[in-house]
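Throughout, protein chains are lettered first and strands after them, A, B, ... in sequence-line order, and every chain is numbered starting at 1.
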Number of protein chains: 2
Amino acid sequence: MNIGTAAERSGLPAKTIRYYEEIGLLKPDRTDNGYRDYSVADLHKLRFLQRSRSLGFSVEECRQLLSLYDDKDRESADVKAIAQAKLAEIDRKLAELAGLRDMLRHLVANCHGDDRPDCPIIDGLSGEAAFVTGGGCHGKEERP
Amino acid sequence: MNIGTAAERSGLPAKTIRYYEEIGLLKPDRTDNGYRDYSVADLHKLRFLQRSRSLGFSVEECRQLLSLYDDKDRESADVKAIAQAKLAEIDRKLAELAGLRDMLRHLVANCHGDDRPDCPIIDGLSGEAAFVTGGGCHGKEERP
DNA sequence: TGTAGTGCTTCCAGTCGCTGGAAGGTCAAG
DNA sequence: CTTGACCTTCCAGCGACTGGAAGCACTACA
């Protein structure tokens, strides 16, 4: 398939797809007229790139993960180690994202613009403390 | 607190923190000697920036979310609309991330380098299809 | 009271990951 | 056989940092 179709189906702009080729993330065939020709496997890689890039993985990380996809010897220890590390990172990201969601939900639901200190949202924003139930926002901020 | 401490506690490099100030994401006080002086609220914002940037939100999105944090009139409709939109996006990201995790897990656990077609991992990579149980990898790829 | 060392400041240059635009070739429809 | 959509390469620019130089500030220790 042509780059336009691949772009549409992967959710990536054609420009970006060409860039990914330039930096060696995938190598589509070319038809006789010089057009890039994407296989279904290429499309899967592109979709994967779209996903993982939008979730904050770097291009180099994506390259490693793609090598996992390509690697004919996926049983090798180092490749498995990469996958395990990424799994841990994904779990971390999942927790952070869930925290972000809870904080935003709380922000929308519970904050009424009053002036009480010890605002639970401030704790929520930091991503460190458990939520304190109730309470308003915009508390005076101490400067330690 | 000084920028070094803020960097350590937020997980952001000092360089990045200065950059965020330059583009107007936060405005720490200055002590008499010209050093930046970060409040606890500043630190929370920095932690929030660290989290949301690493999860794939753009700086402009972060700016909007921070305005939610700063806004004294958080009840206004547009601010709430921003929060709702972000909530939806976070839910989408959560689903994608979970999909990515499942795919990686599957890749590590079930792929033994054989040559069977219809590889479930390929479907998993694309993020579209449900996993087919069993099956190996490295299937022949058709070019449509 | 020096002075070494660490940390802060600004500024400027460079990198990564795209993104837009120009100039031109290809292809299907009318 | 022209129109218009789509493809090509190339080059420039932007967003988001990142590294390094030059210099001021603070702390510690002889």
What integer distance in Å separates [X]:[atom1] from [N]:[atom2]?
X	N	atom1	atom2	value
Met1(B)	dC8(C)	CE	P	12 Å
Arg18(A)	dT9(D)	CZ	P	7 Å
Asn33(A)	dT26(C)	CG	P	8 Å
Arg63(A)	dC18(C)	CZ	P	12 Å
Glu22(A)	dC11(D)	CD	C1'	11 Å
Asn2(A)	dT8(D)	CG	P	7 Å
Lys15(A)	dG13(D)	NZ	C1'	11 Å
Glu21(B)	dC17(D)	CD	C1'	15 Å

When you compare the side chain of [Y] with that of [X], does any pair of heavy atoms fall below 4.5 Å?
X	Y	answer
Arg18(A)	Ile3(A)	yes
Ser52(B)	Leu100(A)	yes
Arg92(B)	Glu89(B)	yes
Cys62(A)	Arg53(A)	yes
Met103(B)	Phe48(A)	yes

Taking the side chain of [X] as its heavy atoms from C-beta onward, which of [options] lies nearest to it?
X	options	value
Ser58(B)	dC8(C), dC10(D), dA16(D)	dA16(D)
Val59(B)	dC17(D), dC11(C), dA25(D)	dC17(D)
Thr16(B)	dT18(D), dT8(D), dT19(C)	dT18(D)
Tyr35(A)	dG21(C), dC8(C), dC6(D)	dC6(D)
Tyr19(B)	dC17(D), dC11(C), dC18(C)	dC17(D)

Quiz item: In this structure, which one of Lys15(A), Arg30(A), Lys27(A) forms a salt bridge (Lys or Arg N to Asp or Glu O under 4.0 Å) with Glu21(A)?
Solution: Arg30(A)

For [N] and [X] - does any side-chain N or O of the residue sit under 4.0 Å from the phosphate oxygens OP1/OP2?
X	N	value
Arg36(A)	dC7(D)	no
Arg53(A)	dC18(C)	yes
Tyr20(B)	dA16(D)	no

Quiz item: Where each residue is assigned the nucleotide of DNA chain D containing its nearest heavy atom, which of Glu60(B) and Ala14(A) is assigned the position nearer the 5′ end?
Solution: Ala14(A)

Exercise. Check step by step if side-chain contact (heavy atoms from CB on, under 4.5 Å) holds for Leu66(B) and Arg63(B).
Key: CA-CA 5 Å; Leu66(B) 276 184; Arg63(B) 193 191 299 276; 5.7 Å; no

Quiz item: More 5' along DNA chain C: Arg30(B) or Ile23(A), using each one's nearest nucleotide?
Solution: Arg30(B)

Quiz item: Which string of ( ) [ ] | and . matches DNA chain C, if you list each base 5' to 3' and count Watson-Crick or G-U pairs only when both distances are under 3.5 Å?
Solution: ||||||||||||||||||||||||||||||

Quiz item: Going hydrophobic residue to hydrophobic residue with side-chain gaps under 4.5 angstrom, can you get from Leu65(B) over to Leu12(B)?
Solution: yes

